[in-house]
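Worksheet: one structure, shown below.
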Amino acid sequence: MADDTEDVELDFAADEQERARRSAVIRHPLASFFHLFFRVVAIITYLLCDWISENFASCFVLIITLLSFDFWSVKNVTGRLLVGLRWWNQVDEDGKSLWVFEAKKTCRGNNIGTEAEARIFWLGLIICPLIWTFFFFTSLFSLKIKWLVRHVTCVHALHIESLVVASISLQVANLYGYLRCKAVGDDGQPPDTRSFTGQHLLQRPDIIFGIL
């Protein structure tokens, strides 16, 4: 009869190797690149707009196009590959629109990105909206100065303001969706369709600070 108290061999070395692999390796280099490419190029285009073209409308269209590509790629590709999160909208049988937020459970051998990729994902997702928010306040200050100097120059400043607001909206939408997905994963709950407000984020600051 087998002894129930017999020691069970645990493969701690394999676990250590798995953690080391996940922390050091970039498994999805193309996804990691495009996660930052569109948003970084949009910021550079905004900063160099006066040098790129004298026509602000062309820069406006270019930046919005870049951020639209960024929104689609982050929402549909890089979020799933780098951190195993996804969110989308669906319509149920009653015609009611529902937002669904999912977090894939981490297990050995799955296709979720490494810790390095997760850091790239969250840093890009958080820092870029902060940069656009800074641009918002600087453009707002510039608008006030131009309004005092000459009313005609305010038209250009208003266009810049609207561009910055649109940029913030696109980037914050993805950030908000993935924070909800992160909350679902941390709570260990199934696909989430429950309400989620800013108060929940205030109650769970670790959702934001724990990912950095």
Side-chain angles (χ1 to χ4, degrees), residues 22 26-46 60-92 95-106 110-136 162-198 200-201 204 207-212:
R22 283 186 53 82
I26 300 295
R27 298 176 62 184
H28 308 94
L30 196 60
S32 300
F33 172 77
F34 280 106
H35 178 72
L36 299 176
F37 175 76
F38 292 117
R39 55 185 56 210
V40 171
V41 172
I43 291 174
I44 295 174
T45 303
Y46 177 83
F60 186 101
V61 173
L62 177 59
I63 293 173
I64 293 299
T65 301
L66 288 169
L67 292 178
S68 298
F69 284 148
D70 171 75
F71 179 85
W72 183 90
S73 62
V74 172
K75 178 181 179 297
N76 295 289
V77 180
T78 64
R80 302 185 186 194
L81 293 179
L82 302 184
V83 290
L85 304 175
R86 63 177 181 173
W87 63 277
W88 74 96
N89 178 267
Q90 67 181 23
V91 180
D92 60 13
K96 184 179 179 181
S97 179
L98 298 175
W99 292 96
V100 182
F101 305 89
E102 287 187 341
K104 186 176 182 180
K105 292 184 178 180
T106 303
N110 61 20
N111 198 35
I112 297 178
T114 63
E115 292 179 8
E117 290 175 327
R119 189 170 293 274
I120 291 173
F121 177 85
W122 287 112
L123 285 175
L125 206 65
I126 293 173
I127 291 176
C128 289
L130 292 178
I131 294 176
W132 283 108
T133 302
F134 172 77
F135 290 160
F136 171 80
S162 61
L163 170 62
V164 174
V165 170
S167 303
I168 293 174
S169 300
L170 287 171
Q171 303 234 318
V172 169
N174 258 330
L175 175 60
Y176 178 76
Y178 281 114
L179 285 177
R180 291 195 62 172
C181 294
K182 179 67 175 177
V184 172
D186 290 344
D187 293 340
Q189 297 190 9
D192 180 37
T193 56
R194 55 191 171 87
S195 62
F196 188 96
T197 62
H200 190 101
L201 284 178
R204 293 286 310 281
I207 294 174
I208 297 178
F209 296 106
I211 59 184
L212 297 179

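Bear in mind the structure is a predicted one, so any value in this text is a computation, not a measurement. Keep in mind that the numbers below use all heavy atoms, side chains included, and drop hydrogens, waters and symmetry copies.
- What you find for Ile26 and Ala116 is that their closest heavy atoms are CD1-CB, 3.9 Å.
- Between Tyr46 and Ile131, the closest side-chain pair of non-hydrogen atoms is not below 4.5 Å.
- Sparse packing is recorded around CZ of Phe69, with 12 or fewer heavy atoms of other residues, nucleotides or ligands lying under 6.0 Å away.
- Atom CZ of Phe33 has more than 12 neighbouring heavy atoms from other residues, nucleotides or ligands inside a 6.0 Å radius.
- Tyr178 contributes no side-chain N or O that, together with a main-chain N or O of Leu125, makes up a donor-acceptor pair within less than 3.5 Å.
- Inter-residue side-chain proximity for Trp132 and Val165 is flagged as unmet; no heavy-atom pair is nearer than 4.5 Å.
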*Check step by step if side-chain contact (heavy atoms from CB on, under 4.5 Å) holds for Val74 and Gln171.*
CA-CA 10 Å; Val74 172; Gln171 303 234 318; over 6 Å; no
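- A heavy-atom distance below 4.5 Å is not found between the side chains of Leu67 and Phe71.
- Listed for the Glu117 side chain is no donor-acceptor partner under 3.5 Å among the backbone atoms of Ser32.
- Using a distance-only test at 3.5 Å, with no hydrogens or angles considered, a donor-acceptor pair links the side chain of Arg39 to the main chain of Gly124.
- Between the CG atom of Leu130 and the CG atom of Leu175 there is a distance of 8.5 Å, given to the nearest 0.5 Å.
- Closest approach of Leu82 and Ala31 over heavy atoms only: CD2-CB, 4.2 Å.
- Contact of the Phe135 side chain with the Ile43 side chain is registered, since non-hydrogen atoms from C-beta on lie closer than 4.5 Å.
- Using a 4.5 Å heavy-atom cutoff, the side chains of Ile168 and Val164 are in contact.
- Atom-to-atom distance recorded for Tyr176:OH and Asn174:CG is 13.5 Å, nearest 0.5 angstrom.
- Side-chain N or O atoms of His35 include one that pairs as donor or acceptor with a backbone N or O of Phe121 at under 3.5 Å.
- Taking all atoms of both residues into account, the shortest heavy-atom contact from Arg80 to Lys75 is NE-O, 4.5 Å.
- Applying the side-chain contact (heavy atoms from CB on, under 4.5 Å) test between Leu66 and each of Val40, Ile44, Thr45 identifies Thr45 as the sole match.
- Shortest non-hydrogen contact noted between Cys181 and Trp87 is SG-CB, 3.7 Å.
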